[in-house]
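For reference, the structure is listed below as structure tokens.
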Amino acid sequence: MKPRALAEISAPEFDLARTLHSGQIFHAMPSGAGWQVLVDGIALAVEQQGEILHVPARHEALARRYFALDHPLESIYASFPTDPFSRAALDSCRGLRILRQPLWECLGTFITSPMKQVAHIRQMSLSLRARFGRPVPGALIQAYPAPEVLAAASEDDLRACGLGFRAKSLRLAAAEIAAGRLDLAALREQPTTEVREALCRLPGVGRKVANCVLLFAYERLDAVPVDVWIARILQAMRRRKGTLEELERFSARRFGAYAGYVQQYLFHHARMTRSLPA
DNA sequence: TGCCAGGCCAAAT
DNA sequence: ATTTGGCATGGC
């Protein structure tokens, strides 16, 4: 490959590696001193040196958008609650940003996520890409397979990628998209509640997965996916148990418009320390 | 080895 | 309306 012009993007309050490993995307590949990610069929090589992000000049706009460099991190931090849990999470996760993921890749990936650890979700994503994905010029791995491709695959083929009981859900959901019975892009214009309802009609999509897609792909920064980690933390914060929806409402009241950001910091901090804050 | 993982769904209470 | 059990797989 010929060397190409690099853009140097000023990216204060951004920690690339931390963001890539926070359980939002699962396919980032080490490349040179940086990383390679795939975005909408484009291989994006990115390297961080201090507050400077190096990306190919022709992909500067794509990088700014994908890495959400326009999110007002200082304002978001100012909105964080002041309890010890949230403070500890903020102190240890600065620079973590909520990415803007491609819709179907995010939805498909999180349909495969139930009862799987982050490392397993990555394995399944890489297996699906290797088996069904389209080659991308210059990429270390293949693109996330299109709905049409997964809809045409057999359940056994998907199980061979390690999906287990999730194979059926992924195939059926892909079929809904491929047949045009649900237009993911059109949902961008809809209110959060209606997007959530539409997503939850898909097989294998409940509130948790829908909220992941709302937060990571539909830019709904107030959406809070409540998984087992977040449930434990929220119950500790409010000193009593509750249903998942009660915990969601608690986080909405306590965390505000950027509740999704607070949630992501709590999740990553808990996972990194493998414990609840004292 | 046994336990748990960024849950969902249908059946049972 | 709410709770329970089953579901596949793999790392620790």
Side-chain angles (χ1 to χ4, degrees), chain A residues 18-28 85 89 93 96-99 101 105-128 130-131 144 153-176 196-218 220-236 240-249 251 255 259-276:
Chain A
R18 182 170 286 156
T19 298
L20 296 181
H21 294 115
S22 63
Q24 301 181 59
I25 64 168
F26 304 88
H27 72 275
F85 298 90
C93 297
L96 198 174
R97 286 176 185 261
I98 303 291
L99 300 172
Q101 295 187 39
E105 174 183 325
C106 183
L107 173 59
T109 302
F110 277 97
I111 285 176
T112 65
S113 74
M115 296 305 293
K116 279 288 186 185
Q117 295 183 1
V118 169
H120 300 154
I121 301 170
R122 175 181 173 87
Q123 286 179 10
M124 291 184 289
S125 171
L126 295 180
S127 294
L128 287 170
R131 172 69 179 79
Y144 193 81
S154 75
E155 194 176 317
D156 282 346
D157 285 340
L158 297 181
R159 281 177 180 266
C161 294
L163 297 198
F165 61 82
R166 304 156 193 83
K168 186 174 186 177
S169 300
L170 182 61
R171 198 175 71 79
L172 292 175
E176 290 294 302
R196 184 185 289 115
E197 285 180 5
L199 293 174
C200 284
R201 279 184 222 115
L202 293 170
V205 181
R207 249 192 119 79
K208 157 62 173 62
V209 168
N211 282 338
C212 282
V213 179
L214 282 165
L215 177 60
F216 299 142
Y218 283 98
R220 311 304 162 101
L221 299 183
D222 58 334
V224 174
V226 179
D227 71 338
V228 294
W229 289 91
I230 293 299
R232 285 197 286 253
I233 293 167
L234 293 177
Q235 284 168 358
R240 60 194 174 95
K241 296 188 181 297
T243 67
L244 294 182
E245 290 200 39
E246 284 170 343
L247 295 175
E248 244 185 83
R249 283 195 294 274
S251 65
F255 300 162
Y261 254 96
V262 179
Q263 171 277 150
Q264 191 64 11
Y265 278 51
L266 290 169
F267 173 78
H268 190 60
H269 176 62
R271 211 167 66 81
M272 292 300 99
T273 60
R274 292 199 307 261
S275 68
L276 294 172

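Lettering follows sequence order; numbering is per chain, from 1.
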**Message:** Rounded to whole Å, how long is the line connecting atom NZ of K208(A) with atom C1' of dA5(B)?
**Reply:** 11 Å
**Asked** Which parts of residues 168-176 of chain A get close to DNA chain B, meaning a heavy atom less than 4.0 angstrom away?
**Response** none
**All side chain to side chain contact (heavy atoms under 4.5 Å, CB included) counterparts of L247(A), not counting sequence neighbours** = V226(A), A231(A), L234(A), Q235(A), R238(A)
**Request:** Output every pair passing side chain to side chain donor-acceptor pair (under 3.5 Å) with a member in residues 153-162 of chain A, not counting sequence neighbours, ordered by first then second residue.
**Result:** S154(A)-D157(A), E155(A)-R159(A)
**Message:** I'd like to know if the side chain of S125(A) and the backbone of I121(A) have a donor-acceptor N/O pair within less than 3.5 Å.
**Reply:** no
**Item:** Nucleotide dC8(B), atom C1' - distance to CG of N211(A) in whole Å
**Value:** 14 Å
**Request:** Could you tell me whether the side-chain ring of W229(A) sits stacked on the base of dG6(B), using a centroid cut-off under 5.5 Å and a plane angle under 30°?
**Result:** no
**Request:** Kindly indicate whether the side chain of Q264(A) and the base of dG6(B) share any N or O donor-acceptor pair separated by less than 3.5 Å?
**Result:** yes
**Asked** What pairs with H120(A) under ring pair (Phe, Tyr, Trp, His ring centres under 6.0 Å), at least two apart in sequence or on another chain?
**Response** none
**Atom pair CZ/CZ of R196(A) and R201(A) - distance to nearest 0.5 Å** = 13.0 Å
**Asked** What pairs with A223(A) under side chain to side chain contact (heavy atoms under 4.5 Å, CB included), at least two apart in sequence or on another chain?
**Response** N211(A), L214(A), L215(A), R220(A)
**Asked** Could you state the CD1-C1' distance from I111(A) to dG6(B), rounded to the nearest angstrom?
**Response** 14 Å
**Asked** When all nucleic acid strands are considered with a 4.0 Å heavy-atom cut-off, which category describes I230(A): base, sugar-phosphate, or nothing?
**Response** base
**Message:** Whole angstroms only, please: what is the CG-P distance between D227(A) and dC4(B)?
**Reply:** 15 Å
**Asked** How is G204(A) classified with respect to the nucleic acid when contacts are heavy atoms under 4.0 Å: base, sugar-phosphate, or nothing?
**Response** sugar-phosphate
**Request:** Indicate the atoms forming the closest heavy-atom contact of E248(A) with R207(A), along with that distance.
**Result:** OE2-NE, 2.6 Å
**Asked** Rounded to whole angstroms, how far apart are CG on L199(A) and P on dC8(B)?
**Response** 12 Å
**Message:** If you assign F267(A) and P203(A) each to the DNA chain B nucleotide with the nearest heavy atom, which residue ends up on the more 5' nucleotide?
**Reply:** F267(A)
**Item:** Nearest-angstrom distance, C1' atom, dG10(C) to dC9(B)
**Value:** 23 Å
**Message:** For R122(A), give me all partners under side chain to side chain contact (heavy atoms under 4.5 Å, CB included), at least two apart in sequence or on another chain.
**Reply:** F26(A), M29(A), L126(A)
**Request:** Using the test side chain to side chain donor-acceptor pair (under 3.5 Å), find all partners of Y218(A) that sit at least two apart in sequence or belong to another chain.
**Result:** none
Can you name the atoms? Protein N/O to nucleotides 7-9 of chain C N/O, anything below 3.5 Å, with the distance.
| from | atom 1 | to | atom 2 | distance (Å) |
| --- | --- | --- | --- | --- |
| dA8(C) | OP1 | R159(A) | NH2 | 2.8 |
| dA8(C) | O4' | F165(A) | N | 3.4 |
| dA8(C) | N3 | R166(A) | NH2 | 3.4 |
| dT9(C) | O2 | K116(A) | NZ | 3.1 |

Please list, one pair per line, the donor and acceptor atoms closer than 3.5 Å that link side chains of residues 106-114 of chain A to other protein atoms, with sequence neighbours excluded.
| from | atom 1 | to | atom 2 | distance (Å) |
| --- | --- | --- | --- | --- |
| T109(A) | OG1 | E105(A) | O | 2.6 |
| T112(A) | OG1 | T109(A) | O | 2.5 |
| S113(A) | OG | F110(A) | O | 2.7 |

**Request:** Could you work out the separation of dC8(B) and dG11(C) based on their P atoms and round it to a whole Å?
**Result:** 23 Å
**Asked** With sequence neighbours left out, which residue pairs that include part of residues 161-171 of chain A fulfil the side chain to side chain donor-acceptor pair (under 3.5 Å) condition?
**Response** none
**Asked** Once Watson-Crick and G-U wobble pairs under 3.5 Å are found, how is DNA chain C written in dot-bracket notation, 5' to 3', with | for any base paired to another strand?
**Response** |||||||.||||
**Message:** If I pick the P atom on dG6(B) and the same atom on dG6(C), what distance separates them, to the nearest angstrom?
**Reply:** 23 Å
**Message:** Restricting to non-hydrogen atoms, name the atom on G242(A) and the atom on E246(A) that form the minimum distance, rounded to 0.1 Å.
**Reply:** CA-OE1, 3.2 Å
**Prompt:** Across the strands shown, which category fits V205(A) at heavy-atom distances under 4.0 angstrom: base, sugar-phosphate, nothing?
**Reply:** sugar-phosphate
**Message:** Nearest whole Å is fine: how far is dG7(B) P from L107(A) CG?
**Reply:** 16 Å
**Message:** If I compare all heavy atoms of I98(A) with all of G260(A), which pair ends up nearest, and what's the gap?
**Reply:** CD1-O, 4.3 Å
**Request:** Tell me what L244(A) touches on the nucleic acid: a base, only sugar-phosphate, or nothing, going by heavy atoms under 4.0 Å.
**Result:** nothing
**Message:** Check this one for me: any side-chain N or O of Q117(A) less than 4.0 Å away from OP1 or OP2 of dC12(C)?
**Reply:** no
Is there any protein nitrogen or oxygen under 3.5 Å from a nitrogen or oxygen in nucleotides 11-13 of chain B, and what are the pairs?
none

**Asked** Distance between the P atoms of dC3(B) and dG5(C), in whole angstroms?
**Response** 16 Å
**Message:** Give me the atom names and distance for the closest heavy-atom approach of K208(A) to P225(A).
**Reply:** CD-CB, 3.7 Å
**Fill in**
So OG1 of T19(A) and CD1 of I25(A): to nearest 0.5 Å the spacing works out to 9.0 Å
**Request:** Specify the separation, in whole Å, of atom CD of E245(A) and atom C1' of dG7(B).
**Result:** 14 Å
**Request:** Would you classify S22(A) as touching base, sugar-phosphate or nothing, given that sugar-phosphate means primed atoms plus P, OP1 and OP2, and contacts are heavy atoms under 4.0 Å?
**Result:** base
**Request:** Check the distance between dA5(B)'s P and F110(A)'s CZ and give it to me in whole angstrom.
**Result:** 16 Å
